[in-house]
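A short worksheet on the structure shown next.
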Amino acid sequence: MIGTGYLGATHAACLAAAGHDVVAHDVDPTRLEALSAGRAPFHEPGLADLLQEGVGSGRLRFTTDVADVADAEVHFLCVGTPQQRGGRGADLGALRTAAAAVARHARRDCLVVGRSTVPVGTADDLLGVLEAEAQVSVSLAWNPEFLREGRAVQDSLHPDRLVLGVRDDASYAVLAEVYARWLSEGTPVVRTDLRTAELAKVSANVMLAARISVVNVLGEVCERSGADIDDLVRILGADPRIGTDVLQPGLGYGGSCLPKDTRAFVARAGELGVESAALLHHVDLVNMRQRARAVDIVRELWGERRRVAVLGVAFKPGSDDVRDSPALDVATTLQRLGADVRVHDPRAAGSAARVADRLSYADSAEEACADADVVTVLTAWEDYIGLDPVALRGAVASPVVVDARTCLDADKWRAAGWSFHGLGRSACAS
Ligand SMILES: NC(=O)C1=CN([C@@H]2O[C@H](COP(=O)(O)OP(=O)(O)OC[C@H]3O[C@@H](n4cnc5c(N)ncnc54)[C@H](O)[C@@H]3O)[C@@H](O)[C@H]2O)C=CC1
Ligand SMILES: O=C(O)[C@H]1O[C@H](OP(=O)(O)OP(=O)(O)OC[C@H]2O[C@@H](n3ccc(=O)[nH]c3=O)[C@H](O)[C@@H]2O)[C@H](O)[C@@H](O)[C@@H]1O
């Protein structure tokens, strides 16, 4: 396993649990130290148990030295593919470096399997890298991963489908052996070519991103027309062709994948001359506009003292990840605009403090809200959905709440005397 982030660490632990002998390499010694001790370096339910089991059994080892993977039969490339600095396409530098290192060190014929999310056509480029570096015969396959953070282990152990992009039967046979446990459990498998496998992953992410932006456009229409977004979402979700998942309006999508993958898709489609991909550029614009709209709503309400409580900075509930978090983006923007911001998050405060150390962090939601002029809910944690608006009213300076995730019960908060505002909700709705 090359790269031990959310993708690589989870995949390594799950393959070890399936009985394979796994050696995982990363260039980050701190991350490897935690993993070797059976500690998950990020909040991912079930991962620490699998790591301890794998390390304890001797089937799972971690190494800073890429030469230690030289004897592997299969190499999974799981390194990051972030947005380019100063560009919108994917930065494939780490992937090329990792592929070259594996090929250079491989001492036996082997299969290299791309797992990272990449623009279609990347494998062609990597084949050139492998051929230039390897002294042995190296084949390439593509096997994208669809796990969600916060559910990484569950999603990996029970995926909706396995996508095996291969160039020949021999590569397919190797992957079928790697995934024998999943195949025996009936996981649907799609065998395809490398380009389709690459494209499958970004396509899934742009579909999800588009869905979120569509529901956010509908939310803005609700705000302006006085229609009810909660009822609208219920009505839409009842149609099985639409379904209820990924239909939560609000601050929009963030994280390390949907934003950068949408942009990389548009960039690659542009290179391919697909002008209609501009549709997905608008998905990105709508998404980013939600953050600006949330800031505008708070500025209208913050009064002279501008004391703002921010509840939630994780990019989504159930995660301690703040990479491209819409909530953290809004919190830091409000502070930059002169607000006195007090933040609470049940899990992500530590990771937020590492990248946004000028914000002030509270130990509880109540402490963050004490004496606030505006309370904002920016991540839909259960803790905030369960807050008692009657009790909280006594702690704030003004009972004004902005529900940027459309997660609170508006009637309950209004009945408790709060002035209730939010993305997707008309200010005058009763
Ligand atoms: N985070 C997620 O939920 C999912 C991510 N993906 C994709 O998987 C890829 C990895 O994502 P994450 O695990 O979130 O990233 P991450 O940033 O958490 O982890 C990437 C790891 O690769 C290591 N690395 C970088 N260059 C290296 C090299 N040359 N050799 C060895 N290790 C190296 C880094 O030190 C880091 O530990 C990305 O392409 C992402 O789009 C796919 C499915 C889910
Ligand atoms: O490529 C990846 O790394 C992964 O990206 C997403 O997974 P993830 O980033 O963990 O998060 P999601 O649960 O999809 O949420 C993404 C963002 O959309 C937001 N969201 C989600 C659902 C919704 O209804 N509304 C909404 O605004 C969340 O708050 C979050 O900021 C995909 O769901 C995974 O299938 C994919 O493997």
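Counting starts at 1 for both ligands and their atoms, following the listed order. Being a predicted model, the structure only gives us computed values, none of them experimental.
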Legend entry - Option set Arg148, Arg405, Lys316, criterion heavy-atom distance to atom 11 (O) of ligand 2, minimum: Lys316
Inset, instruction - Specify side chain, backbone, both or neither for Leu251, according to which of its non-hydrogen atoms lie closer than 4.0 Å to ligand 2. - result: neither
Inset, instruction - If you have a sec, work out which protein heavy atom is nearest atom 31 (O) of ligand 2 and how many Å separate them, to one decimal? - result: Phe315 O, 2.8 Å
Inset, instruction - Report the member of Leu147, Asp155, Thr81 with the shortest heavy-atom distance to atom 34 (C) of ligand 2. - result: Leu147
Inset, instruction - Answer with side chain, backbone, both or neither: which part of Arg96 has a heavy atom less than 4.0 angstrom from an atom of ligand 1? - result: neither
Inset, instruction - Can you figure out which of Thr4, Thr97, Thr117 has its heavy atom closest to atom 7 (C) of ligand 1? - result: Thr117
Legend entry - Short N or O distance, Leu247 and ligand 2, threshold 3.5 Å exclusive: yes
Legend entry - Sub-4.0 Å atoms of ligand 1 with respect to non-hydrogen atoms of Ser116: 39 (O)
Legend entry - Closest to atom 31 (C) of ligand 1 among His25, His11, Glu145, Glu149 (heavy-atom distance): His25
Inset, instruction - Select the closest option to atom 22 (C) of ligand 2 among Val246, Leu208, Val215, judged by heavy-atom distance. - result: Val246
Legend entry - Protein contact to atom 35 (O) of ligand 2 [nearest heavy atom, distance to 0.1 Å]: Phe146 O, 2.8 Å
Legend entry - Identity of the nearest option to atom 29 (N) of ligand 1, non-hydrogen atoms only, from Ala94, Ser256, Ala264, Ser156: Ala94
Legend entry - Element-labelled atoms of ligand 1 that are located less than 4.0 Å from some non-hydrogen atom of Asp28: 35 (O)
Legend entry - Closest protein heavy atom to atom 21 (C) of ligand 2, given as residue, atom name and distance to 0.1 Å: Ile212 CD1, 3.6 Å
Inset, instruction - Run the contact test for Glu145 against ligand 2 with a 4.0 Å cut-off on heavy atoms, strictly below, and give the result. - result: yes
Legend entry - Phe76 and Leu15, any side-chain heavy atoms less than 4.5 Å apart: yes
Legend entry - N/O separation below 3.5 Å, Gly255 to ligand 2: no
Legend entry - Ion pair check, Glu223 and Arg293, cut-off under 4.0 Å: yes
Legend entry - Non-hydrogen side-chain atoms of Glu149 and Lys316 separated by less than 4.5 Å: yes
Legend entry - Atoms of ligand 1 close to Ile2 [distance to a heavy atom under 4.0 angstrom, numbered from 1]: 30 (N), 31 (C)
Inset, instruction - Indicate, as side chain, backbone, both or neither, the part of Cys78 found under 4.0 angstrom from ligand 1 when only non-hydrogen atoms are considered. - result: backbone
Inset, instruction - Return the residue, atom name and 0.1 Å-rounded distance of the protein heavy atom closest to atom 6 (C) of ligand 2. - result: Leu258 CD1, 3.6 Å
Legend entry - Step-by-step side chain to side chain contact (heavy atoms under 4.5 Å, CB included) determination, Asp345 to Arg347: CA-CA 6 Å; Asp345 189 289; Arg347 283 216 178 265; 4.1 Å; yes
Inset, instruction - Please identify which atoms of ligand 1 are closer than 4.0 Å to at least one heavy atom of Lys201. - result: 42 (C), 43 (C)
Legend entry - Protein heavy atom at shortest distance from atom 19 (C) of ligand 2: Tyr253 CA, 3.7 Å
Inset, instruction - Decide, yes or no, whether a salt bridge links Asp284 with Arg88 under the criterion of side-chain N to carboxylate O below 4.0 Å. - result: yes
Legend entry - N or O contact, Pro326 vs ligand 2, cut-off under 3.5 Å: no
Legend entry - Heavy-atom proximity to atom 2 (C) of ligand 2, best of Gly250, Ser116, Cys257, Ser256: Cys257
Legend entry - Sub-4.5 Å side-chain heavy-atom contact between Leu183 and Val189: yes
Inset, instruction - Please could you name the atoms of ligand 1 that Val27 approaches to less than 4.0 Å, counting only its heavy atoms? - result: 24 (N), 27 (C), 28 (C), 30 (N), 31 (C), 32 (N), 33 (C), 35 (O)
Legend entry - Selection from Asp26, Leu7, Thr81 by shortest heavy-atom distance to atom 23 (C) of ligand 1: Asp26
Inset, instruction - Would you indicate whether the side-chain heavy atoms of Tyr6 and Arg323 approach each other to under 4.5 Å? - result: yes
Inset, instruction - Using a strict cut-off of less than 4.0 Å between a Lys/Arg side-chain nitrogen and an Asp/Glu carboxylate oxygen, indicate whether Asp324 and Lys260 qualify as a salt bridge. - result: no
Legend entry - Nearest non-hydrogen protein atom, atom 25 (N) of ligand 2: Gln248 O, 3.0 Å
Legend entry - Test item, Lys201 contacting ligand 2 (heavy atom, 4.0 angstrom): yes
Inset, instruction - Would you mind checking which non-hydrogen protein atom is closest to atom 27 (C) of ligand 1, with the distance to 0.1 Å? - result: Val79 CG1, 3.6 Å
Inset, instruction - Enumerate the atoms of ligand 2 whose separation from the nearest heavy atom of Glu149 is less than 4.0 angstrom. - result: 10 (O)
